[in-house]
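By convention in this document, chain letters (A, B, ...) are assigned in the order of the sequence lines, proteins followed by strands, and residues within each chain are numbered from 1.
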2 protein chains.
Amino acid sequence: MISQTEENYLKALYNLTYLKGEATVNEISKRLDIKMPTVNSMMKKLSEKGFVHYESYKPLKLTEEGKKEAALIIRKHRLTEMYLVEKMGFAWDEVHQIAEQIEHIHSPEFFTKMDQLLGYPTVDPHGSPIPDHNGVMRSENYIFLDTCKIGNVVTLMAVQPSSKELLQYLNSKNLELGTTLTIHAIEPFDRSITVSYDSRSAEVLSSKVTATLLVRPIS
Amino acid sequence: MISQTEENYLKALYNLTYLKGEATVNEISKRLDIKMPTVNSMMKKLSEKGFVHYESYKPLKLTEEGKKEAALIIRKHRLTEMYLVEKMGFAWDEVHQIAEQIEHIHSPEFFTKMDQLLGYPTVDPHGSPIPDHNGVMRSENYIFLDTCKIGNVVTLMAVQPSSKELLQYLNSKNLELGTTLTIHAIEPFDRSITVSYDSRSAEVLSSKVTATLLVRPIS
DNA sequence: TTATTTTGTTAGTATAATCTAACTTGTTAG
DNA sequence: CTAACAAGTTAGATTATACTAACAAAATAA
Ligand SMILES: [Mn+2]
Ligand SMILES: [Mn+2]
Ligand SMILES: [Mn+2]
Ligand SMILES: [Mn+2]
């Protein structure tokens, strides 16, 4: 049996290692706001259980089993977020904390039912992919908005990371997934960009924002 | 803050005290399958927190605060069961274990939304009343089927207690809430009764079953 | 009413998950 | 290349929740 606490560590490690393939005790410590010695002993325990490759003073990695386990928790998290938005009428900035709890519910039937009712969605309300029931996560080749050039026309596909504050900021700008943006200017000093979309002709987005927006270039 | 574990003790105590007003360490121990010394120390802790009246060797009672706290957990449990049946398509015998977990989710918005979507229901799928948001539970004056007389015509209003096995037995007999039953015979030897309902003319129900069925006499 | 059984309590132990303090190892800035 | 700093580890303490063994009180039977 795997505890709620252990599940949260696995998920943190999965997310931290998603790009680089490894993570450190210190990073998990900061992510979960738990002191390093606690993280250290938990990593040893998860290593005992076969979910983590642990060697003293070396970076941490998930085993294949650990990856699958973590992906299945993330699956439950993202299915829940999608269900809350699509079926219960929550806004995309209201669902993360609830999903953070419901992801730990032990009931395959419950999540299977959600999946069915949603019509087997592949992304969550923030555009992140939902792993399949084997823990396999499809990766799309979207690019961050801050890597685009003047004149590019792009569609907003995902927000990552999607903090509540960022999502509320996007709400205030009427920027949602699927919106098509045209890039008119890039300020060299602070890398802020000027875009147009819908009926908005000249919105300025800071690099703090553009570094979180994943887009797909059109043509 | 009140832990998931503490919530389960409060709920057990509430249900055990519902009729008699008090319960014993031994009863809680059996109900939760937790040894008596553990229950004993938890009762002292809950007493410290103001939820339980504890005195050595005396029966246990909930304080007013404890009653309200417990009723609000039961509210979450029953709202969840109703939601699972009405909005997600689960059967009445599939929802208890899931609700047992979801009742511990901390999110007023989540349960408020459920309540809204359900249209503010007053009973759960097994006919038990759903406490209001102040923890007040309306009590209906239904009677158990095993107290009825020959010739009585009654409507099935609730099943209590509603074990999975019992619910499945009722499914197999096509007996559901709202069904109207006519009592034709009562066997003095084992108190089993013969009833008719819908197109079934002579179904025999044992006293084990009739002792769990709450009915409202017609006329 | 005494003896037996059941119930309740105390004491001591165990495991999970957290912390702080102190020490070790690794990394980085002069 | 060393000195300082950052990161990782070990040791020991703490809290929550459980257990068993032993004892005390209450209820029940003889
Ligand atoms: Mn989320
Ligand atoms: Mn979580
Ligand atoms: Mn239930
Ligand atoms: Mn529960």
Rounded off to whole Å, could you give me the [atom1]-to-[atom2] distance for the [X] and [N] pair?
X: A:Lys44; N: D:dG8; atom1: NZ; atom2: P; value: 13 Å
X: B:Met42; N: D:dA16; atom1: CE; atom2: C1'; value: 8 Å
X: B:Ile2; N: D:dA16; atom1: CD1; atom2: C1'; value: 14 Å

Worksheet item: Which heavy-atom pair separates B:Ile193 from B:Val195 by the least distance, and what is that distance?
Response: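 B:Ile193 and B:Val195 have their closest heavy atoms at CD1-CG1, 3.6 Å.
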
Worksheet entry | All side-chain contact (heavy atoms from CB on, under 4.5 Å) counterparts of A:Glu27, not counting sequence neighbours |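 With sequence neighbours excluded, A:Glu27 shows a side-chain contact (heavy atoms from CB on, under 4.5 Å) to A:Leu16, A:Lys20, A:Ala23, A:Thr24, given in chain and number order.
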
Worksheet item: Closer than 4.0 Å, any side-chain N/O of B:Ser3 to the OP1 or OP2 of D:dT17?
Response: yes

Fill in: Contacts of B:Lys45 that satisfy salt bridge (charged side-chain N to carboxylate O under 4.0 Å, His left out) - sequence neighbours left out
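Testing B:Lys45 for salt bridge (charged side-chain N to carboxylate O under 4.0 Å, His left out), a comparison that skips the adjacent residues, returns B:Glu6.
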
Worksheet item: Taking only residues two or more places apart in sequence, or in another chain, which ones meet B:Glu55 in a salt bridge (charged side-chain N to carboxylate O under 4.0 Å, His left out)?
Response: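 Partners of B:Glu55 under the salt bridge (charged side-chain N to carboxylate O under 4.0 Å, His left out) test: B:Lys58.
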
Practice prompt. Output every pair passing salt bridge (charged side-chain N to carboxylate O under 4.0 Å, His left out) with a member in residues 96-108 of chain A, not counting sequence neighbours, ordered by first then second residue.
Written response: A:Lys11-A:Glu100, A:Lys11-A:Glu103

Practice prompt. Please collect all salt bridge (charged side-chain N to carboxylate O under 4.0 Å, His left out) contacts where either partner lies in residues 123-142 of chain A, sequence neighbours excluded, each pair once.
Written response: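 Listed by first then second residue: A:Arg78-A:Asp124.
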
Worksheet entry | Which residues share a ring-ring contact (aromatic ring centres under 6.0 Å, His included) with B:His96, sequence neighbours left out |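 Partners of B:His96 by the ring-ring contact (aromatic ring centres under 6.0 Å, His included) criterion, ordered by chain and then number, come out as B:His77.
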
Practice prompt. Mind running a 4.0 Å heavy-atom check of residues 17-38 of chain A against DNA chain C and sending the residues that fall below it, in number order?
Written response: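 DNA chain C contact set from residues 17-38 of chain A: A:Ile34, A:Lys35, A:Pro37, A:Thr38.
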
Worksheet entry | Those residues of residues 45-59 of chain B lying under 4.0 Å from DNA chain C by at least one heavy atom | B:Tyr54, B:Ser56, B:Tyr57

Worksheet item: Whom does C:dT20 pair with, Watson-Crick or G-U wobble, provided both distances fall under 3.5 Å?
Response: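 D:dA11 - that is the nucleotide pairing with C:dT20, both distances being under 3.5 Å.
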
Fill in: side-chain hydrogen bond (donor to acceptor under 3.5 Å, both in side chains) involving A:Glu64 - partner list, sequence neighbours excluded
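A:Glu64 satisfies side-chain hydrogen bond (donor to acceptor under 3.5 Å, both in side chains) with A:Lys67 only.
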
